[in-house]
Amino acid sequence: MKKLMLGNAAVAQGAYEAGVHFVSSYPGTPSTEITECMATYPAQEVFVEWAPNEKVAAEAVVGAAIAGGRAMSCCKHVGLNVMADPIFTDSYIGVNGGAVFCVADDPGMHSSQNEQDSRHYAKAAKIPMLEPSDSSECKEFTKMAFELSERFDTPFFIRLSTRVSHSQSLVEIGEREKIDVKPYEKNIPKHVMMPAMAIKRHVLVEERTKALVKFAEESSLNSIEDNGSDIGIITAGISYQYAKEALGDKANYLKLGMVFPLPEKKIAEFAAKNKKTYVIEELDPFIEEHCLALGVKVEGKQLFTLLGEYTPTMIKKVVLSAEAPKSVSAEEEIPNRPPVLCPGCPHRATFYVLKKLGLTVSGDIGCYTLGAVAPLGSVDTTICMGASVSAAHGMAKVKGAEFNRKLVSVIGDSTFMHSGITALSDIVYNKGANTVIILDNSITGMTGHQDNPTTGKTIRGEATKQVDLILLCKGLGVEHIVVADPFDVKHFEEVVKTETARDEVSVIIAQRPCALLKSVKFTGHCEITDKCRKCKLCMKLGCPAISVSEDGSVHIDATLCNGCGLCMNVCPFHAIEKEED
């Protein structure tokens, strides 16, 4: 049976068919759906969890594989940074049961803070990496990765990209293979990576890499399509699809399904048959540099960009000197639609207050990063998960007490569990006086409503122990902890003033659920009355339901307004009322 599937869903199907026993991940676009799909398979066949962060997920997978189970973890490219520590060491340890790490890169930065190329991790950690180009390959490559992991005693990477993860193609659905958990045997030289053991394991890693290079030469993962052309294309992943669409049978192709280690002889022989050979790859010249190191003459990044995604039109223009077709455009300019906090978002009220008070805001990764966007314009910095807390600590230490009284960190509840806890302990331990605002919206919001340790539910919706943020912060040594509803704007403003004035660390838990949760039941919609003085204070909220006409009058779009009432709380003239539907 064939089924139309997302690339991410196909990876999950491949892992399921391969008999995977254990899956642990932290959500991150564009990889999230892999683990969500895994949770739809029977719990008695595969254990699936959301971990607090990617490092914990990777370590759990390493443990499961050592114990003899087939195990997988999935993350986005910046999540691989977080799990790098155990990943590099696991390269030395190897596996008992197969271990697969799926990483989804984001060329074009559709939902990411940078555009890094994860292939460099494969080379640096000396872990083999497969790269599928469509959903069918996503399934087959994942199944193959588990088998090869056990054959070569190594973890395997599967590299995806946004377009492969979120595009659909036909997938042949198979049955789950019955794979028993392998026996566990105590093996100190293999599993205990102290220097004396690791030195010996490194020798085996280098021998393994040589064997994998030989495998890359012979494997059908790396295939040649000879169309009798004098133009050659070396490519992999989604770039293969773009090249095929652009060039068709006007070129020969060396399609690399295994992007580390790369073959040597196969590349050299393929290039020798062409008058001109191009390397087409998004982001960094990873394959190109390998070719040049072999002495193989290729054209690459001097013709193609290092930035963003490729298109068939771009490739056709470079390789065939074909002019791009004239684009069709509307007669009138289409307005930009920048991302914006949803109507009813609890973060909007928080940033309204912080902007009003003129505070410096150390920001973090989540929906609330949009607090940097006009008209809220509140967030000063965003670096990486958890950095809002630790970066603010550094800012305060170099700028002094007066600066610190006008400084706050904002971090979501899920992100706080991910990497904010250790940062807060750093402030407490080193006698800081920062104010940290935990934006507790009761869910992991930006990646599509995944549960986390603060929600009291597992990935399968089962009830579990719920982390108490108040007790957690107290346990870290924080003595001043206040829970406040940011929609109670006046009270929340007073809380922020009080806590930022302290000369010791304090935590404000801004507690209000995400407006999109099914449990949140707003009613009616808000309307402007004739009491309006056209002060436009409500416009400072940045609510997409509120707009101003050319004559200066304010309007609320009933089709966008969900009746959250925040605008009613900020209007000084009580000119906004709720109309019940």
Side-chain angles (χ1 to χ4, degrees), residues 336 338-383 387-389 391-392 395-396 399 402-412 415 434-441 445-446 482 484-502 506-512 514-515 526 532-548 554 556 560-561 564-573 575-576:
N336 290 327
V340 64
L341 294 172
C342 304
C345 176
H347 307 325
R348 178 172 283 109
T350 299
F351 289 123
Y352 170 79
V353 169
L354 301 182
K355 176 72 176 292
K356 180 181 178 182
L357 296 177
L359 301 181
T360 298
V361 180
S362 180
D364 223 294
I365 304 296
C367 300
Y368 46 89
T369 310
L370 292 171
V373 179
L376 293 169
S378 181
V379 174
D380 288 71
T381 64
T382 299
I383 304 166
S388 62
V389 183
M395 295 169 78
K399 295 295 287 186
E402 284 304 313
F403 182 85
N404 194 35
R405 292 189 187 99
K406 300 289 286 182
L407 169 68
V408 296
S409 300
V410 293
I411 185 168
T415 310
N434 299 66
T435 298
V436 177
I437 302 177
I438 300 175
L439 304 170
D440 183 9
N441 66 347
M446 187 170 70
V482 182
D485 181 356
F487 268 42
D488 188 347
V489 177
K490 289 183 179 179
H491 175 65
F492 190 76
E493 182 177 335
E494 290 304 314
V495 167
V496 174
K497 286 179 179 178
T498 300
E499 298 309 311
T500 53
R502 297 187 187 277
S506 62
V507 169
I508 301 169
I509 302 175
Q511 198 168 73
R512 176 170 273 262
C514 173
C526 296
C532 178
R533 305 281 185 87
K534 299 182 180 180
C535 72
K536 301 181 182 61
L537 188 62
C538 56
M539 290 297 296
K540 293 185 178 181
L541 293 172
C543 178
I546 307 175
S547 61
V548 178
V554 180
I556 296 178
L560 290 175
C561 176
C564 76
L566 176 59
C567 55
M568 297 170 60
N569 295 341
V570 302
C571 179
F573 306 110
I576 306 176

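What you are looking at is a predicted structure, and each value in this text was computed from that prediction instead of being measured.
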* **Interatomic spacing from SG in Cys567 to CD1 in Ile576 - rounded to 0.5 Å** => 4.0 Å
* **Test log, rule side-chain contact (heavy atoms from CB on, under 4.5 Å), inputs Val379 and Thr369** => CA-CA 7 Å; Val379 174; Thr369 310; 5.6 Å; no
* **side-chain contact (heavy atoms from CB on, under 4.5 Å) evaluation trace for Val353 with Val489** => CA-CA 7 Å; Val353 169; Val489 177; 3.9 Å; yes
* Structure fact -> Minimal heavy-atom distance between Cys367 and Gly445, with the atoms involved, is SG-C, 3.7 Å
* Taking C-beta and beyond as the side chain, do Phe573 and Cys535 meet within less than 4.5 Å on heavy atoms? -> yes
* **Thr350 and Tyr368: CA distance, side-chain angles, deciding distance, side chain to side chain donor-acceptor pair (under 3.5 Å) verdict** => CA-CA 10 Å; Thr350 299; Tyr368 46 89; over 6 Å; no
* Exercise: identify the closest heavy-atom pair between Ala392 and Ser409 -> CB-OG, 3.1 Å
* Asked: Judged by atom type as modelled, is there a donor-acceptor pair below 3.5 Å linking the side chain of Lys497 to the main-chain atoms of Phe492?
  -> no
* **Gly412 backbone acceptor or donor facing Asp440 side chain under 3.5 Å** => no
* State which residues pass side-chain contact (heavy atoms from CB on, under 4.5 Å) with Thr360; sequence neighbours excluded, sorted by chain then number. => Asp380, Met395, Phe403, Leu407
* Structure fact -> Distance col, row Ile438:CD1 vs Ile411:CD1, nearest 0.5 angstrom, shows 7.5 Å
* Asked: Between Ala515 and Pro343, which heavy-atom pair has the shortest distance, and what is it?
  -> CB-O, 3.7 Å
* Asked: So, does Asp364 use its side chain to make a donor-acceptor pair with the main chain of Ser388 at under 3.5 Å?
  -> yes
* Asked: For the atom pair OG1 (Thr500) and CG (Leu357), what is the distance rounded to the nearest 0.5 Å?
  -> 7.5 Å
* To do: May I ask you to test the Ile509-Val482 pair for a side-chain heavy-atom distance under 4.5 Å?
  => no
* Heavy-atom closest pair, residues Pro486 and Ala349 -> O-CB, 3.2 Å
* Structure fact -> Applying ring pair (Phe, Tyr, Trp, His ring centres under 6.0 Å) to Phe351 and not counting sequence neighbours gives none
* **Side chains of Pro375 and Met539 in contact at under 4.5 Å (non-hydrogen atoms)** => no
* Distance from Lys356 atom NZ to Glu493 atom CD, nearest 0.5 Å? -> 4.0 Å
* Separation of Cys571 SG from Arg533 CZ (nearest 0.5 Å) -> 9.5 Å
* Asked: Heavy-atom distance under 4.5 Å between the side chains of Val554 and Ile546, does that happen here?
  -> yes
* Say you draw a straight line from CG of Leu376 to CG of Leu541; how long is it, rounded to the nearest 0.5 Å? -> 7.5 Å
* Quick one: does Val408's side chain get under 4.5 Å of Leu354's, heavy atoms only? -> yes
* Heavy atoms only: give me the nearest Gly344-Phe487 pair and the separation to one decimal. => O-CZ, 3.8 Å
* Does the side chain of Ser506 pick up a donor-acceptor pair with the side chain of Thr435 at under 3.5 Å? -> yes
* Heavy-atom pair with the smallest gap, counting every atom of Pro339 and Val373 -> O-CG1, 4.5 Å
* Lys536 side chain to Val548 main-chain N or O, any donor-acceptor pair under 3.5 Å? -> no
* To do: Would you check, one step at a time, whether the test side-chain contact (heavy atoms from CB on, under 4.5 Å) holds for Thr382 with Ile365?
  => CA-CA 7 Å; Thr382 299; Ile365 304 296; 3.6 Å; yes
* Asked: Would you say Arg348's side chain and Gly542's backbone share a donor-acceptor pair under 3.5 angstrom?
  -> yes
* Asked: Can you check whether Asp485 reaches Gln511 side chain to side chain, under 4.5 Å on heavy atoms?
  -> no
* Asked: Counting only N and O atoms by type, is there a donor-acceptor contact under 3.5 Å from the side chain of Asn441 to the main-chain atoms of Arg512?
  -> no
* Side chains of Leu537 and Pro572 in contact at under 4.5 Å (non-hydrogen atoms) -> yes
